[in-house]
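Worksheet for the structure shown next.
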Amino acid sequence: MDVNEFWELARNAADLNPLHVWVGERVWGTVPPPAWAFGDSPELADALAQQVASGAKTTTTSLLWEYEAEEADLPERGELGIVLDGKDEPRALILTTDVRVVPFAEVDDEHALGEAVSLDEWRREHESFARRADDGQHPFDPAMPVVLERFEVLYHR
């Protein structure tokens, strides 16, 4: 199933088509939200997409410097996104409910437990990720800013 087919199913299942009363079940020409995979490998993307679909993963963490390097906007509350698995198949439609930027060392239990079984595990996994992502100019530092997102699943398959 491609992203457009998934978007048709997801937006109707999540009741994101308020015009269906006027124009029917489909509103042709609607643009799907951005689609991406969590993680830095197909295997990790598969595992994280499954965690999102099951409700076990409700938060995510990104490195602020990556947004800055790509000149990309930070996520915002109220944005929709489509989570892909390691084969670029859509698995879930999510809604961002909160976004914060904090130093890595200040990430709290509440956020960490949305991604890991403990804050210690979260720190190990995300420090490892930050070290893999280092482009030679952004070495891991506990003071480095990270982008914390909380989301809810509106639809999954």
Side-chain angles (χ1 to χ4, degrees), residues 1-4 6-7 9-11 13-14 16 30-157:
M1 170 180 304
D2 73 12
V3 168
N4 290 316
F6 178 84
W7 174 233
L9 292 172
R11 69 185 179 79
L16 297 177
T30 60
V31 177
W36 69 90
F38 289 118
D40 58 359
S41 71
E43 298 77 23
L44 187 54
D46 280 344
L48 295 176
Q50 177 59 38
Q51 289 176 17
V52 169
S54 73
K57 178 175 174 60
T58 58
T59 63
T60 194
T61 306
S62 307
L63 303 169
L64 180 61
W65 72 259
E66 290 183 314
Y67 285 97
E68 294 169 346
E70 295 176 13
E71 297 181 9
D73 294 331
L74 291 181
E76 293 184 17
R77 185 176 186 264
E79 289 182 341
L80 295 171
I82 296 174
V83 177
L84 304 175
D85 63 19
K87 296 172 208 67
D88 289 334
E89 292 284 328
R91 295 295 307 277
L93 174 67
I94 62 172
L95 172 70
T96 300
T97 59
D98 187 50
V99 180
R100 299 182 289 146
V101 178
V102 303
F104 181 93
E106 293 181 23
V107 172
D108 57 17
D109 283 321
E110 181 182 0
H111 179 81
L113 294 176
E115 291 191 84
V117 298
S118 70
L119 180 56
D120 287 338
E121 178 186 291
W122 180 92
R123 285 188 176 136
R124 280 191 306 276
E125 290 176 4
H126 285 79
E127 179 177 339
S128 175
F129 173 79
R131 290 184 187 284
R132 288 191 311 272
D134 178 17
D135 61 358
Q137 297 179 5
H138 298 92
F140 174 76
D141 180 339
M144 68 190 317
V146 292
V147 180
L148 307 181
E149 285 181 74
R150 180 169 296 283
F151 57 84
E152 65 181 72
V153 176
L154 301 180
Y155 176 79
H156 67 86
R157 64 170 195 90

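Side chains included, hydrogens not; waters and symmetry mates left out as well; all remaining heavy atoms used. Residue numbers run from 1 in the order of the sequence given.
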Determine, step by step, whether L9 and M1 satisfy the side-chain contact (heavy atoms from CB on, under 4.5 Å) criterion, reporting the C-alpha distance in whole Å, the side-chain angles of both residues, the deciding distance to 0.1 Å, and the verdict.
CA-CA 11 Å; L9 292 172; M1 170 180 304; 3.4 Å; yes

Table please: side-chain donor-acceptor pairs of residues 64-72 below 3.5 Å, with sequence neighbours left out.
none

With a 4.5 Å limit on heavy-atom distance, are the side chains of [X] and [Y] in contact?
X: V102; Y: D108; result: no
X: S62; Y: L74; result: no
X: W7; Y: V31; result: no
X: L148; Y: T59; result: no
X: H111; Y: T61; result: yes

Output, in order, the C-alpha distance, side-chain angles, deciding distance and verdict of ring-ring contact (aromatic ring centres under 6.0 Å, His included) for F104 and W122.
CA-CA 11 Å; F104 181 93; W122 180 92; 5.0 Å; yes

Do other residues, nucleotides or ligands put more than 12 heavy atoms under 6.0 Å from the CZ atom of R77?
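No, CZ of R77 has 12 or fewer neighbouring heavy atoms, counting only those of other groups under 6.0 Å.
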
Inter-residue atom distance [X].[atom1] - [Y].[atom2], 0.5 Å rounding:
X: E149; Y: I94; atom1: CD; atom2: CD1; result: 7.0 Å
X: K57; Y: F38; atom1: NZ; atom2: CZ; result: 5.5 Å
X: F151; Y: T58; atom1: CZ; atom2: OG1; result: 6.0 Å
X: L113; Y: D109; atom1: CG; atom2: CG; result: 5.5 Å
X: E121; Y: H126; atom1: CD; atom2: NE2; result: 10.0 Å
X: L93; Y: L154; atom1: CG; atom2: CG; result: 5.0 Å

Shortest non-hydrogen separation from [X] to [Y] and the atoms involved:
X: P32; Y: N4; result: CG-OD1, 3.2 Å
X: G136; Y: D134; result: N-OD1, 2.8 Å
X: P34; Y: L80; result: CD-O, 3.8 Å
X: V3; Y: I82; result: CG1-CD1, 3.7 Å
X: L119; Y: A112; result: CD1-CB, 3.6 Å

Test H156 against V52 for side-chain contact (heavy atoms from CB on, under 4.5 Å), laying out the working first.
CA-CA 8 Å; H156 67 86; V52 169; over 6 Å; no

Side-chain atoms of residues 137-147: list all donor-acceptor pairs with protein atoms under 3.5 Å, sequence neighbours left out, distances to 0.1 Å.
{"from": "H138", "atom 1": "ND1", "to": "D135", "atom 2": "OD1", "distance (Å)": "2.8"}
{"from": "H138", "atom 1": "ND1", "to": "D135", "atom 2": "OD2", "distance (Å)": "3.3"}
{"from": "D141", "atom 1": "OD1", "to": "A143", "atom 2": "N", "distance (Å)": "2.8"}

Where do R132 and S128 land on the side-chain hydrogen bond (donor to acceptor under 3.5 Å, both in side chains) test, with the steps shown first?
CA-CA 6 Å; R132 288 191 311 272; S128 175; 2.9 Å; yes

Could you go through the side-chain contact (heavy atoms from CB on, under 4.5 Å) check for Q50 and D85 one step at a time?
CA-CA 8 Å; Q50 177 59 38; D85 63 19; over 6 Å; no

Polar side-chain atom of [X] near backbone of [Y] as donor-acceptor pair, under 3.5 Å:
X: R91; Y: R157; result: yes
X: E106; Y: P103; result: no
X: T97; Y: R150; result: yes
X: D46; Y: G86; result: yes

Got a sec, which residues hit ring pair (Phe, Tyr, Trp, His ring centres under 6.0 Å) with F6, two or more places apart in sequence or on another chain?
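F6 satisfies ring pair (Phe, Tyr, Trp, His ring centres under 6.0 Å) with Y155 once adjacent residues are dropped.
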
Determine whether E125 and E115 satisfy the following criterion, side-chain contact (heavy atoms from CB on, under 4.5 Å), listing intermediate values before the conclusion.
CA-CA 10 Å; E125 290 176 4; E115 291 191 84; 6.0 Å; no

